[in-house]
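Working notes, structure below.
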Amino acid sequence: MTQMPPMERIWFIVNLIPEGTVLPYGIVADLAGLPGRARYVSRALKLAPKTLALPWHRVINSQGKISFEKYSEPFQTQLELLRLEGIKVNAGKILLSQYQWKPDLATLVMTLPF
DNA sequence: CTAGTGACCAACG
DNA sequence: ACGTTGGCCACTA
């Protein structure tokens, strides 16, 4: 039985993030079984096939901010997508205490195919 | 092989 | 609230 590759595990987790919620890169890495590898998450998202249609915009950094350069094209796109799902962004910041997805870990772990 | 580069992060000052 | 620093590691030139 081959392990699901790290990058696929990251895509799997991101795909589970519910609408109207967000998750920091580092937490995605943790849930994917790759603690301390937040940078790998950003790389995995960049390389993700468009056909997967992942909710990539729900992944933000640990400070509640969008990680693209301010005013850049992808920055604006992510900001708009987040607001479309009712996520408030004030002064470029998202309140993690309000919007961070907090899955029931026991249940989630049983669901994961890895 | 080495050096630079990230959609990062926690710890400091 | 910032800016810096050291750690992280796959990928690229």
Side-chain angles (χ1 to χ4, degrees):
Chain A
M1 183 65 187
T2 69
Q3 273 280 33
M4 187 178 295
M7 201 168 285
E8 290 183 18
R9 299 209 298 267
I10 290 170
W11 296 337
F12 189 91
I13 294 296
V14 171
N15 199 44
L16 296 178
I17 306 174
E19 182 177 348
T21 70
V22 297
L23 212 53
Y25 294 90
I27 304 298
V28 171
D30 290 344
L31 296 178
L34 302 164
R37 310 241 227 134
R39 301 197 82 126
Y40 192 66
V41 173
S42 63
R43 200 170 337 119
L45 290 180
K46 178 179 293 185
L47 299 178
K50 299 202 75 170
T51 56
L52 289 180
L54 293 178
W56 58 271
H57 56 284
R58 296 176 190 150
V59 183
I60 62 180
N61 67 34
S62 65
Q63 299 154 62
K65 297 193 285 191
I66 289 172
S67 284
F68 288 112
E69 186 187 357
K70 210 172 183 181
Y71 306 129
S72 67
E73 153 93 42
F75 175 93
Q76 309 262 18
T77 301
Q78 185 168 11
L79 180 60
E80 181 181 6
L81 288 172
L82 289 170
R83 284 181 165 152
L84 280 175
E85 347 192 305
I87 294 173
K88 288 178 188 168
V89 187
N90 297 326
K93 228 173 52 182
I94 294 165
L95 283 182
L96 290 176
S97 57
Q98 179 174 1
Y99 297 106
Q100 181 173 335
W101 179 41
K102 285 154 189 164
D104 181 301
L105 293 179
T107 304
L108 176 63
V109 169
M110 275 190 295
T111 307
L112 300 178
F114 54 86

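Chain identifiers are assigned alphabetically (A, B, ...) following the order of the sequence lines, protein sequences preceding nucleic acid strands; residue numbering begins at 1 within each chain.
Atom CZ in A:F68 sits about 9 Å away from atom P in B:dC8, given to the nearest Å. Spacing between atom CZ of A:F75 and atom C1' of B:dG6 amounts to 18 Å, rounded to whole angstrom units. We find that CD1 of A:I27 is positioned 12 Å from C1' of B:dC8, with the value rounded to whole Å. In this structure, the CZ atom of A:R39 is 6 Å from the P atom of B:dC8, given to the nearest Å. Taking atom CG on A:N90 and atom P on C:dA1, their separation rounds to 13 Å, with Å as the unit. Between A:D30 atom CG and B:dC9 atom C1' the separation is 11 Å, expressed in whole Å. Atoms CG (A:L45) and P (C:dC9) sit 18 Å apart, rounded to a whole Å. Atom-to-atom, CD1 of A:I10 to P of C:dA10 comes out at 11 Å; the value is rounded to the nearest Å.
Distances shown here put every side-chain N or O of A:S42 at or beyond 4.0 Å from the OP1 or OP2 atom of B:dG6.
A:N15 places none of its side-chain heavy atoms less than 4.5 Å from the side chain of A:W56. The closest side-chain heavy-atom distance from A:K88 to A:I94 is not below 4.5 Å.
The nucleotide whose nearest atom lies closest to any side-chain atom of A:S67 is, among B:dG6, B:dC8, B:dC9, B:dC8. The listed nucleotides are C:dA10, B:dC9, B:dA7; the one nearest the side chain of A:R43 is C:dA10. The side chain of A:R37 has C:dC9 as its nearest neighbour among B:dA7, C:dC9, B:dA10. Of all nucleotides listed (C:dA1, B:dC8, B:dA7), C:dA1 comes nearest to the side chain of A:K93.
When the C1' atom is used for both C:dC8 and B:dG6, the distance is 11 Å, rounded to whole Å. Using C1' as the reference atom, B:dC1 and C:dA13 are 12 Å apart when rounded to the nearest Å.
When each of A:G36 and A:L47 is assigned the nucleotide of DNA chain C with its nearest heavy atom, A:G36 is the one assigned upstream, toward the 5' end.
A:R83 places a side-chain N or O within 3.5 Å of a backbone atom of A:V89 that can act as its donor or acceptor partner. A:T21 places no side-chain N or O within 3.5 Å of a backbone atom of A:I17 that could act as its donor or acceptor partner.
Side-chain contact, A:E85 with A:H57: a donor N or O sits under 3.5 Å from an acceptor N or O.
As judged by a 4.0 angstrom heavy-atom cut-off over every strand, A:Y40 is placed among residues touching the sugar-phosphate backbone only.
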